[in-house]
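First up is the structure itself, then whatever we jot down about it.
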Amino acid sequence: MTIVGNPVTESTNWGTLCDLAITVGESHIRDLFVADPKRAKTLCFSANGVSVDFSRQRVTQEVIDSLCELARERELLSARDAMFSGQHINITEDRAVLHTALRLPKGSSLIVDGVDVVPPIHEVLERMEILANDVREGRWLGFTGQRITDVVNIGIGGSDLGPVMAYEALRHFSSRDLSFHFVSNVDGTDVAEVLAKVNPLTTLFIVASKTFSTIETMMNATSAREALLAVVPGADESAVARHFVAVSTSASRVSDFGIDVNNMFGFWDWVGGRYSMDSSIGLSTMIAVGPANYRELLSGFHAMDEHFKSAPLESNLPVLMGLIGLWNRSLLNIPTVAVLPYDQYLLRFPAYLQQLIMESNGKSVTRTGKDVNTETGAIYWGEPGTNGQHSFYQLLHQGTATVACDVLLTAKSLNPIGEHHDVLVSNALAQATVLAFGRTQDQIRAANVPEHLVAHKEMPGNRPTTLISVDQVTPFILGSLVSMYEHLTFVQGIIWGINSFDQWGVELGKELATNITPFLTNDADLGAFDAATAESIIWYRANRSN
Ligand code: F6P
């Protein structure tokens with residue numbers, strides 16, 4: 001396996017890109033359009049129902065060619081093949097990275113470490129389908145013989161964000177006879193508010209945790225179990241089997257928790273948490289939208305995987321998204337990307353991308369443990385478009401920080417009501433225009449604006465903006481979009497020479513929290529803690545409710 005592990009700044013092509021960052025990167029997007037009006041067409045690419053327009057980015061074809069050259073030098077193609085073939089590219093955990101296998105069609109084959117991984121994937125999918133149909137069609141009954149009315153997914157991180165995002169995104173396709181809820185935070189308020197809404201005797205709880213040891217999920221699952229047993233006649237423990245199913249890689253922990261392993265849906269250690277929404281972690285999604293729509297979602301993922309595997313770098317959507325994102329981050333020094341969906345169904349898409357990209361590429365050392373020597377992972381955040389316009393867009397347009405933007409829009413509304421969609425799309429296009437082109441002082445004066453307001457009304461523009469358009473947010477399109485962002489993340493990780501598939505940065509906080517917990521409720525000496533933490537513990541001891 002040849003995956004580069006030295007800093008990208010040591011690449012032969014880096015110097016050329018640094019020069020281009022001055023000549024092209026410091027140009028105004030307005031001037032790039034004057035020099036090449038055809039860029040509105042030539043910098044647009046599409047695949048599998050997703051069109052991506054890079055014309056409002058501070059790039060030219062020369063920059064794109066040079067970035068593709070860098071990708072070749074960093075051996076992106078062999079790294080990609082290593083991932084798809086199941087080599088252990090997650091070197092710090094010695095694991096394959098095979099979320100792409102989750103969407104391989106039935107009947108295909110992929111031998112990893114001597115075993116064909118595809119048949120077990122489809123066995124689990126088929127078991128999920130049986131459960132999903134039973135719940136949707138009223139055959140799965142609760143302990144007292146009542147039909148299931150509510151599904152509660154209990155998980156956190158990738159075991160929550162994918163299911164929530166997909167549920168919101170595909171709500172139009174979901175069963176309206178069932179209500180879906182998501183509990184993630186260890187703050188008891190989260191589970192309490194959901195338990196206040198549901199009747200445990202008509203609820204199916206899905207405990208979703210890859211490791212089945214995550215404290216937040218285990219505490220929430222235990223509280224939900226107690227709430228069930230509190231209403232079950234005679235607190236009969238056998239009720240748990242009718243109301244709890246598990247999604248995990250650890251059968252022993254599932255069983256220790258008291259969930260029947262027959263009600264467990266497995267997946268594999270080669271599926272990273274943030275890459276798991278199409279593993280059995282997608283069980284709540286499948287119950288919501290039904291098996292046929294879920295298969296469409298998988299097809300969308302697979303179609304984009306195939307595009308990523310086969311399209312030339314210069315027209316490959318995830319490759320271009322990844323390279324241009326890297327150009328903005330490392331060469332133009334733009335620290336953040338706002339994800340601005342102009343589609344209410346993509347409400348949670350920014351939060352989903354936050355974990356996917358920031359947990360993957362928020363790294364400071366290369367695969368060989370050297371300093372990365374450049375800026376890496378961008379900060380992702382965002383809100384649905386028009387809501388954001390009345391909130392933080394002021395800073396996007398006139399603040400001192402440059403924020404790159406991904407604007408997502410759809411051609412057709414799934415809820416066509418009057419002129420709503422036309423107005424929504426006009427807003428998306430207007431914002432993309434202002435972000436890229438701005439408004440000069442001369443244009444403002446020409447509109448007879450009083451001189452003392454001219455500077456206040458100037459809009460600098462030149463905010464690099466990618467416009468991503470699709471027909472509608474269908475299951476297929478959602479799969480295609482998510483797969484594009486997954487591979488964008490991979491591309492950047494390979495070019496930067498980092499491991500996008502571990503997350504050591506989250507471990508220390510977990511460890512310290514476990515150490516602190518007992519000290520909050522006793523009066524043991526705090527000498528082992530730093531002074532700031534000790535003072536906070538003293539405050540909490542004095543004020544906590546007993
Ligand atoms: O702490 C981070 C993390 O490991 C994420 O990567 C993961 O998605 C989340 O915790 C939840 O993990 P699990 O599914 O094992 O409960």
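First listed ligand is number 1; within each ligand, the first listed atom is number 1.
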(message) Considering G157, G155, S159 one by one, which has a heavy atom nearer to atom 14 (O) of ligand 1 than any of the others?
(response) S159
(request) Output yes when E383 and R348 qualify as a salt bridge under the 4.0 Å nitrogen-oxygen rule, no when they do not. (result) no
(request) Give the residue and atom name of whichever protein heavy atom lies nearest to atom 4 (O) of ligand 1, and the separation in Å to one decimal. (result) K510 NZ, 4.0 Å
(message) Testing Y294, F173, F180, Y352 one by one against Y167 for a ring pair (Phe, Tyr, Trp, His ring centres under 6.0 Å), which residue passes?
(response) F180
(request) From the options E359, R274, E216, select the one whose nearest heavy atom is closest to atom 6 (O) of ligand 1. (result) E359
(request) Tell me which part of T211 gets within contact of ligand 1: side chain, backbone, both or neither, using heavy atoms under 4.0 Å. (result) both
(request) Write out the residue and atom name of the closest protein heavy atom to atom 12 (O) of ligand 1, then the distance separating them to 0.1 Å. (result) T214 OG1, 3.5 Å
(message) Applying the ring pair (Phe, Tyr, Trp, His ring centres under 6.0 Å) criterion to F349, which one of W381, Y485, Y380 satisfies it?
(response) Y485
(message) Within ligand 1, which atoms have a heavy atom of I156 less than 4.0 Å away?
(response) 9 (C), 11 (C)
(request) Please work out whether the ring planes of F257 and F244 are parallel, tilted or perpendicular, with thresholds of 30° and 60°. (result) tilted
(request) Identify the protein heavy atom lying closest to atom 8 (O) of ligand 1, giving its residue, its atom name and the separation to 0.1 Å. (result) G158 N, 2.8 Å
(message) Between D305 and S483, is there a side-chain donor-acceptor contact under 3.5 Å, judged purely by atom types and distance?
(response) yes
(message) Does ligand 1 come near enough to K210 that some N or O of the ligand is less than 3.5 Å from an N or O of the residue?
(response) yes
(request) Pull out every atom of ligand 1 sitting under 4.0 Å from any heavy atom of V506, numbered as shown with elements. (result) 1 (O), 2 (C)
(request) Please determine if R242 forms a cation-pi arrangement with W140, meaning its NZ or CZ atom is less than 6.0 Å from the six-membered ring centre and no more than 45° off the ring axis. (result) yes
(message) Tell me whether K309 is salt-bridged to D81, with the criterion being a basic N under 4.0 Å from an acidic carboxylate O.
(response) no
